[in-house]
Amino acid sequence: VLDPLVAAIRALAGERIGDRALWVAAKAVYSSRIAECQEWEIGESFFNSLTRRVFATVGVDPRVEFVDTDFDAPPTAPREPAHRRFADAPPEVLVGRALCAASGWESPAFAALAGDAAAVSARLGQQLGFPPLALEIAPDLFFRGHGAFLVGRALGAEGNALPFALALRHDDARGVRVDAVIAGENPLAILFSFTRSHFHADVKRPYELVRFLSELMPRKRLSDLYTSIGFSKHGKTELYRDLVRHLRVSEDCFVPAEGTRGMVMLVFTLPSYDVVFKLIRDQFDYPKDATRRDVMAKYRLVFEHDRAGRLMDAHEFEQVRLPAARFDPALLADLLASTTESVAREGDDVVLRHVYLERRVRPLNLHVGEAPPAEAHAAAADYGRCIKDLAKMNIFTGDLLPKNFGVTRHGRVVFYDYDELCWLGECRFREIPKPQTPEQEMAAEPWYSVREGDVFPEEFPAFLGLSDELLGELTARHGDMFEAAAWRRVQDALRAGEEFEVLPYGEAERLRANATSV
């Protein structure tokens, strides 16, 4: 949308295209127009995207950008409530009404509406301790992959509330079924995770919907919620605003992020703010041979591809201005020495010409070294599951070292180092040939040919750097990841058109009676 719009405006404005007085006036008129709109905050981000293309602004310019919103309160009244309330009926009836109302489908569209509604109400009653008295439901469904999700909360007699989502699947032979009940703040937060692809949702008024979701998941930032429902550009706006607010009320300095020094990316963070800043180095350490363009293409791939709950979402920013006094001197010296294509010093400020912002997670290699044995074993097992989940999405991480993986606050292992990430189908998974002579057996270097794209899974255990105990746990759970034939089977299935899906919930959350194989 923006490319033709910029071209049209350049043609209209002519020589006045760079006249800031003209844009100050345009912003004022534009603000008055979006004050009549149900999506005014998205309109502000849209205007920012336009003016930043026209001016290539370094930092921000509040005269021609909505650095802060122009509205202290919503300028328009909602045309419908942020959620629908269902009460004054038995719990199973409430669930049935909610399913039909949110989906817009009549009961014949469901394979077993009454049975599913009874099973859902029983599951919610178990979580609450007694049957729910009322339900408050988001007005529309959220679609992703092969599923649709109804989201809301169940209210109990003592005023307590249980956030939940119902996962809906479609059986061609029978109709729509409820596949799972995802109940509780943490499971719901995993459903809306920054490691998953964005939902498709017909959101008529984002402001109220995001605030309702925030009540269900209070530890999630507004930026994460906007992004999760498809408004990634406005998610960036909210993240920047949140960062600016945090800098005003904090005093700590930016420091290098914990973990092993990156060979491609320089990563730093603010200890009091759970986000990392990732910049591409000017030169990559040996044996990395990618280019800056290659790395940026990998981040774009991750943004556009199904992340299966295992790849970190990264917001890409340009021309971010930060106070130099907030940088640790050693970090600032490193930035100015090794990321000159991405960083510049301008007076009292540091300008990040190009940077990725990601949620901060604990590096896996550090986590397993300090966590209690049970947590370390669970992380080692989920590390293998993470690699396999990505393989089902046709993604091979390339560099399997634990330092390139992190652990979220929910204990899930995710991957965040993208410079060697590639399509699984591009790899050739091979067994190591058996030596035919004593000389071959004793050779210090491979005596067999190795081409670009060759991968030898038998070698994985030798360089992962896990303790014998954790390697044993990984092998017991996912030993087939060390077998070339297992990787080739996944490749063959993908080439044959088989569609894998990594569900955002576990077996315990499914309604067993109607669980389908995916």
Side-chain angles (χ1 to χ4, degrees), residues 2-3 49 144-146 193-200 224 227-233 235-236 239 262-267 275-281 284 287-318 341-342 353-359 361 364 383 385-401 403-406 408 412-429 452-455 487 490-491 493-495 497-502 504:
L2 284 170
D3 285 342
S49 295
R144 185 168 62 202
H146 293 284
S193 172
F194 52 85
T195 63
R196 291 200 171 272
S197 300
H198 309 156
F199 285 106
H200 295 279
D224 293 336
T227 300
S228 71
I229 61 173
F231 296 104
S232 58
K233 291 291 187 182
K236 284 178 57 175
L239 178 58
M263 302 172 73
V264 171
M265 309 292 284
L266 191 157
V267 187
V275 166
V276 294
F277 299 71
K278 303 177 71 172
L279 300 110
I280 303 174
R281 293 183 180 276
F284 305 156
K288 302 289 187 179
D289 58 359
T291 66
R292 183 182 186 88
R293 179 175 294 182
D294 292 337
V295 175
M296 294 174 67
K298 297 295 175 64
Y299 275 84
R300 170 56 58 177
L301 183 156
V302 169
F303 176 78
E304 295 176 347
H305 195 60
D306 187 344
R307 296 195 293 278
R310 299 295 187 174
L311 295 174
M312 305 278 289
D313 195 9
H315 286 293
E316 185 177 12
F317 284 85
E318 295 180 338
E341 292 187 53
S342 299
R353 297 193 185 105
H354 184 264
V355 61
Y356 295 100
L357 269 62
E358 289 179 0
R359 178 66 61 83
V361 294
L364 177 61
Y383 166 55
R385 174 55 58 194
C386 173
I387 294 168
K388 287 183 173 181
D389 285 349
L390 290 173
K392 292 177 180 178
M393 299 299 108
N394 195 23
I395 293 292
F396 181 60
T397 58
D399 195 336
L400 298 180
L401 293 176
K403 70 181 180 66
N404 299 319
F405 294 76
T408 71
R412 287 178 56 80
V413 175
V414 297
F415 184 66
Y416 54 62
D417 193 331
Y418 303 148
D419 59 276
E420 291 193 20
L421 179 147
C422 65
W423 299 116
L424 188 75
E426 296 176 349
C427 301
R428 286 184 299 275
F429 292 95
E452 184 178 356
D454 283 352
V455 181
W487 291 92
V490 179
Q491 287 179 316
L494 291 170
R495 288 171 184 145
E498 184 172 349
E499 288 190 31
F500 294 101
E501 185 177 14
V502 180

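Throughout, residue positions are numbered sequentially from 1 according to the sequence presented.
- With respect to the salt-bridge test (charged N to carboxylate O, under 4.0 angstrom), the residues Glu420 and Lys288 qualify.
- Under a 3.5 Å cut-off, the side chain of Asp294 and the backbone N or O of Thr291 do form a donor-acceptor pair.
- Only one option out of Arg300, Arg293, Lys298, Arg292 pairs with Met296 in a side-chain contact (heavy atoms from CB on, under 4.5 Å); it is Arg292.
- At a cut-off of 3.5 Å, with distance as the only test, no side-chain donor of Thr227 or Asp224 sits close to an acceptor on the other residue.
- One N or O on the side chain of Gln491 and one on the backbone of Leu424 form a donor-acceptor pair closer than 3.5 Å.
- Counting only heavy atoms from C-beta outward, the side chains of Tyr416 and Val276 never approach each other to under 4.5 Å.
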### Message
With ring pair (Phe, Tyr, Trp, His ring centres under 6.0 Å) as the criterion, how do His305 and Phe303 come out once you've worked through the C-alpha distance, each side chain's angles and the decisive distance to 0.1 Å?
### Response
CA-CA 6 Å; His305 195 60; Phe303 176 78; over 10 Å; no
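- In this structure, Lys278 is positioned above the aromatic face of Tyr418, its NZ or CZ under 6.0 Å from the six-membered ring centre and within 45° of the axis.
- Remark: side-chain polar atoms of Asp306 are not paired, donor with acceptor, to backbone N or O of Ser197 under 3.5 angstrom.
- Side-chain contact between Cys422 and Cys427 is present, with at least one heavy-atom pair separated by less than 4.5 Å.
- A distance of 7.0 Å separates OG in Ser49 from NZ in Lys236, rounded to the nearest 0.5 Å.
- Ring geometry for Phe415 against Phe405 counts as tilted: the plane angle lies between 30° and 60°, on a 0 to 90° scale.
- A 6.0 Å sphere centred on NE2 of His200 holds no more than 12 heavy atoms belonging to other residues, nucleotides or ligands.
- The side-chain heavy atoms of Tyr383 and Leu400, taken from C-beta on, include a pair separated by under 4.5 Å.
- Arg307 contributes no side-chain N or O that, together with a main-chain N or O of Met312, makes up a donor-acceptor pair within less than 3.5 Å.
- One finds the OG atom of Ser232 at 7.5 Å from the NE2 atom of His315 (value rounded to the nearest 0.5 Å).
- In this structure, Arg428 contributes its side chain and Glu452 its backbone to a donor-acceptor pair below 3.5 Å.
- Of all heavy-atom pairs between Gly262 and Arg281, the closest is O-NE, 3.0 Å.
- Note on ring orientation: taking the six-membered ring where Trp is involved, the planes of Trp487 and Phe429 are parallel (angle under 30°, cut-offs 30° and 60°).
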